[in-house]
Enquirer: 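Handing you a structure now.
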Amino acid sequence: MGSCLTCFKAPPNTTANNVGTAGLVSGPEAATGDADAAVLETADLLAASPIRMPSLGSDRKSGSFKKPIGLLNGNLGALPDGAVLTGKDLATQISDNDLNKLFEEYKDDQEDAILSEGIERLCCDLGYKPDDFAILVLAWRLNASQMCQFTKSEFIQGLQKMNAASIDDIKARLQQNVEKLKDDSEDFKLLYRFTFWFGLEQGQRILSLDMAISLWRLVFTVHTPDILPRWLHFLEQHQNIRGVPRDTWNMFLNFVETCDITQYDDTEAWPSLFDDFVEYEQERTKLAVKDPDGAVPEEDDNNNGYNS
């Protein structure tokens with residue numbers, strides 16, 4: 001679809017759970033001066049845990065531990081007084097570190113986002129072209145707000161939800177998502193609706209006709225309706241169409257799933273563009289009956305247009 005996709009919301013909080021350390025040393029021991037024994041007992045319990053826990057240290061003041069230490073990606077880092085890093089929070093911290101490094105590899109030099117050049121490099125590393133269906137799927141999974149960029153929060157939050165922290169991870173998740181979309185009609189509907197918003201120019205509410213044609217051709221890489229080539233041909237022959245609003249985009253999916261244009265009822269609440277398309281097709285059919293040798297062009301081998 002040319003270069004329209006070659007240029008393609010706050011990061012998750014990774015706060016540790018705050019636990020009052022007074023709860024670790026309480027009762028008679030604290031009152032009788034045996035708090036050190038309680039500390040040692042607690043440390044033994046934590047050491048036996050399969051989860052790597054922060055070092056407790058030996059400094060104690062007023063019954064609380066001072067500056068516990070957390071292990072993040074092999075590096076020791078101080079946590080606030082009284083903070084304890086749980087296993088879940090530790091995994092999130094590590095994921096954030098990995099994803100921040102991955103983001104930095106592709107981000108723009110001037111802006112805190114991945115812009116067209118970085119996206120092209122990312123696509124190349126993933127083994128796709130920028131206008132491949134899998135890259136549309138990636139944009140959907142990242143919940144990208146517009147073409148030509150992935151913001152930092154979109155990139156990191158999206159990859160966390162995909163459970164992907166490397167190029168190989170992203171490749172694997174994309175392959176899984178593409179395969180799932182072939183069978184999962186509900187997921188495909190979500191992707192289809194996302195595609196409209198993704199294709200909008202900033203500040204616009206209607207897709208340009210050329211963009212709509214390109215995106216229809218792209219999103220229907222899977223679940224391709226038989227009527228799609230004739231629909232795209234109709235649109236290409238009517239370049240005076242102002243654009244495609246959201247209702248028309250969304251209802252087209254219902255149209256191709258439920259409507260037989262030979263039994264089309266123009267009194268139903270279909271967009272007027274569908275009425276025009278059916279009328280156009282009916283006229284072409286009449287001409288085909290009169291002149292079977294030249295009235296209706298044949299579909300091309302790629303099922304995405306017509307030969308003239």
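Throughout, residue positions are numbered sequentially from 1 according to the sequence presented. Just so it is clear, the model here is predicted, and its values are computed rather than measured.
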Enquirer: List in chain and number order the residues that pass side chain to side chain contact (heavy atoms under 4.5 Å, CB included) with Asp210, two or more places apart in sequence or in another chain; answer none if no residue qualifies.
Expert: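 With sequence neighbours excluded, Asp210 shows a side chain to side chain contact (heavy atoms under 4.5 Å, CB included) to Gln239, given in chain and number order.
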Enquirer: Quick check: do Arg141 and Leu159 have side-chain heavy atoms less than 4.5 Å from each other?
Expert: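 Sidechains of Leu159 and Arg141: no contact.
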Enquirer: Measuring from atom CH2 of Trp249 to atom CG of Leu207, what distance do you get when rounded to the nearest 0.5 angstrom?
Expert: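 Spacing of CH2 (Trp249) from CG (Leu207) equals 6.0 Å.
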Enquirer: For residues 252-260, which side-chain donor-acceptor pairs fall under 3.5 Å, sequence neighbours excluded?
Expert:
from   : atom 1 : to     : atom 2 : distance (Å)
Thr258 : OG1    : Asn254 : O      : 2.7
Asp260 : OD1    : Thr262 : N      : 3.0
Asp260 : OD1    : Thr262 : OG1    : 2.7
Asp260 : OD2    : Thr262 : OG1    : 3.0

Enquirer: A side-chain contact here means heavy atoms from C-beta on lying under 4.5 Å apart; do Leu122 and Ile167 qualify?
Expert: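 With C-beta onward as the side chain, the pair touches.
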Enquirer: Do Glu236 and Ile213 have side chains that approach each other closer than 4.5 Å (heavy atoms only, starting at C-beta)?
Expert: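 Yes - at least one pair of side-chain heavy atoms lies under 4.5 Å apart.
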Enquirer: Could you tell me the separation between the CZ atom of Arg242 and the CD1 atom of Ile206, rounded to the nearest 0.5 Å?
Expert: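 Arg242 CZ to Ile206 CD1: 4.0 Å, rounded to 0.5 Å.
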Enquirer: Heavy-atom distance under 4.5 Å between the side chains of Thr285 and Gln282, does that happen here?
Expert: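 No - every pair of side-chain heavy atoms lies 4.5 Å or more apart.
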Enquirer: Among all residues two or more places apart in sequence or in another chain, which pass the side chain to side chain contact (heavy atoms under 4.5 Å, CB included) test with Asp112?
Expert: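 Once residues adjacent in sequence are excluded, the partners of Asp112 under the side chain to side chain contact (heavy atoms under 4.5 Å, CB included) criterion are Phe103, Lys107, Lys152.
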Enquirer: Find the distance between CG (Asp98) and CD (Gln160) and round it off to the nearest 0.5 Å.
Expert: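 Reported value, rounded in 0.5 Å steps: 10.5 Å.
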Enquirer: If you measure from CD1 on Ile135 to CD on Glu120, what distance do you get to the nearest 0.5 Å?
Expert: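 Taking CD1 in Ile135 and CD in Glu120, the distance rounds to 11.5 Å.
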Enquirer: Ala134: which residues meet the side chain to side chain contact (heavy atoms under 4.5 Å, CB included) condition with it, sequence neighbours left out?
Expert: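 Partners of Ala134 under the side chain to side chain contact (heavy atoms under 4.5 Å, CB included) test: Tyr128, Val178.
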Enquirer: Quick one: does any side-chain atom of Gln237 pair with a main-chain N or O of Phe234 as donor and acceptor, under 3.5 Å?
Expert: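 Absent.
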Enquirer: Do Asp131 and Leu218 come close enough that some side-chain heavy atom pair is under 4.5 Å?
Expert: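 With C-beta onward as the side chain, the pair stays apart.
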Enquirer: Can you list everything that forms a salt bridge (Lys or Arg N to Asp or Glu O under 4.0 Å) with Lys182? Sequence neighbours excluded, please.
Expert: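 Glu179.
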Enquirer: Do the side chain of Glu154 and the main chain of Ser145 share a donor and acceptor less than 3.5 angstrom apart?
Expert: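 Judged by distance alone, yes, a pair lies under 3.5 Å.
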Enquirer: Indicate the atoms forming the closest heavy-atom contact of Pro130 with Cys123, along with that distance.
Expert: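 In terms of heavy atoms, the two residues are closest at CA-SG, 3.8 Å.
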Enquirer: Side chains of Leu136 and Thr221: does their closest heavy-atom pair fall under 4.5 Å?
Expert: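 Heavy-atom side-chain distance check fails, nothing below 4.5 Å.
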Enquirer: Assess the residue pair Gln110 and Leu115 against the criterion (side-chain contact (heavy atoms from CB on, under 4.5 Å)); give the C-alpha distance rounded to whole Å, side-chain angles, the decisive distance to 0.1 Å, and a yes or no.
Expert: CA-CA 10 Å; Gln110 305 298 323; Leu115 302 183; over 6 Å; no
Enquirer: Just by distance, do the side chain of Asp184 and the backbone of Lys180 share a donor-acceptor pair under 3.5 Å?
Expert: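 Between the backbone of Lys180 and the side chain of Asp184 there is no qualifying donor-acceptor contact (under 3.5 Å).
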Enquirer: Show every donor-acceptor pair shorter than 3.5 Å between a side-chain atom in residues 197-204 and any protein atom, with sequence neighbours excluded, or say none if there are none.
Expert:
none

Enquirer: What pairs with Lys189 under salt bridge (Lys or Arg N to Asp or Glu O under 4.0 Å), at least two apart in sequence or on another chain?
Expert: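 Testing Lys189 for salt bridge (Lys or Arg N to Asp or Glu O under 4.0 Å), a comparison that skips the adjacent residues, returns Glu186.
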Enquirer: Quick one: CG on Leu209 to CG on Leu235, what's the gap to the nearest 0.5 Å?
Expert: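 Atom-to-atom, Leu209:CG and Leu235:CG are 5.5 Å apart.
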Enquirer: Rounded to the nearest 0.5 Å, how far apart are CG of Asp169 and CG of Leu99?
Expert: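 CG of Leu99 is found 9.0 Å from CG of Asp169.
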Enquirer: Between Arg284 and Glu281, does at least one N-O distance fall below 4.0 Å, as a salt bridge requires?
Expert: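 Between Glu281 and Arg284 there is a salt bridge, with a charged N closer than 4.0 Å to a carboxylate O.
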Enquirer: Going through the checks in order, is the side-chain contact (heavy atoms from CB on, under 4.5 Å) test met by Phe196 and Leu215?
Expert: CA-CA 8 Å; Phe196 175 85; Leu215 291 177; over 6 Å; no
Enquirer: Would you say that Trp140 contacts Leu181 through its side chain, given a criterion of any heavy-atom pair below 4.5 Å between the two side chains?
Expert: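 Yes, side chains in contact.
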Enquirer: Show me the donor-acceptor pairs within less than 3.5 Å that the side chains of residues 269-280 make with the rest of the protein, sequence neighbours left out.
Expert:
from   : atom 1 : to     : atom 2 : distance (Å)
Trp270 : NE1    : Glu268 : OE1    : 3.2
Asp275 : OD1    : Tyr264 : OH     : 2.3

Enquirer: Passes salt bridge (charged side-chain N to carboxylate O under 4.0 Å, His left out), Glu283 versus Lys286? Steps please.
Expert: CA-CA 5 Å; Glu283 289 298 320; Lys286 290 177 184 178; 3.8 Å; yes
Enquirer: So, using side chain to side chain contact (heavy atoms under 4.5 Å, CB included) as the criterion, who are the partners of Arg173 when residues are at least two apart?
Expert: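 Arg173 satisfies side chain to side chain contact (heavy atoms under 4.5 Å, CB included) with Met162, Asn163, Ala164, Gln176, Asn177 only.
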Enquirer: Are any non-hydrogen side-chain atoms of Trp216 and Thr195 less than 4.5 angstrom apart?
Expert: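 With C-beta onward as the side chain, the pair stays apart.
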Enquirer: Can you list the steps and then say if Arg193 with Asn250 is a side-chain contact (heavy atoms from CB on, under 4.5 Å)?
Expert: CA-CA 7 Å; Arg193 294 185 184 118; Asn250 288 343; 3.8 Å; yes
Enquirer: Quick one: ring pair (Phe, Tyr, Trp, His ring centres under 6.0 Å) pairs with a partner in residues 160-179, sequence neighbours left out?
Expert: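 Of all non-adjacent pairs touching residues 160-179, none passes ring pair (Phe, Tyr, Trp, His ring centres under 6.0 Å).
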Enquirer: Ring pair (Phe, Tyr, Trp, His ring centres under 6.0 Å): which pairs involve residues 160-184, sequence neighbours left out?
Expert: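 Not a single pair qualifies under ring pair (Phe, Tyr, Trp, His ring centres under 6.0 Å).
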Enquirer: Could you tell me which residues satisfy ring pair (Phe, Tyr, Trp, His ring centres under 6.0 Å) with Phe188, sequence neighbours excluded, listed by chain and number?
Expert: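 Phe188 satisfies ring pair (Phe, Tyr, Trp, His ring centres under 6.0 Å) with Phe220, His223 once adjacent residues are dropped.
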Enquirer: Checking side-chain contact (heavy atoms from CB on, under 4.5 Å) for the pair Leu174/Leu126: CA distance, chi angles, key distance, verdict?
Expert: CA-CA 10 Å; Leu174 281 180; Leu126 291 171; 4.3 Å; yes
Enquirer: For Ser166 and Asp168: C-alpha separation, side-chain torsions, deciding distance, then whether side chain to side chain donor-acceptor pair (under 3.5 Å) applies.
Expert: CA-CA 5 Å; Ser166 68; Asp168 287 340; 5.3 Å; no
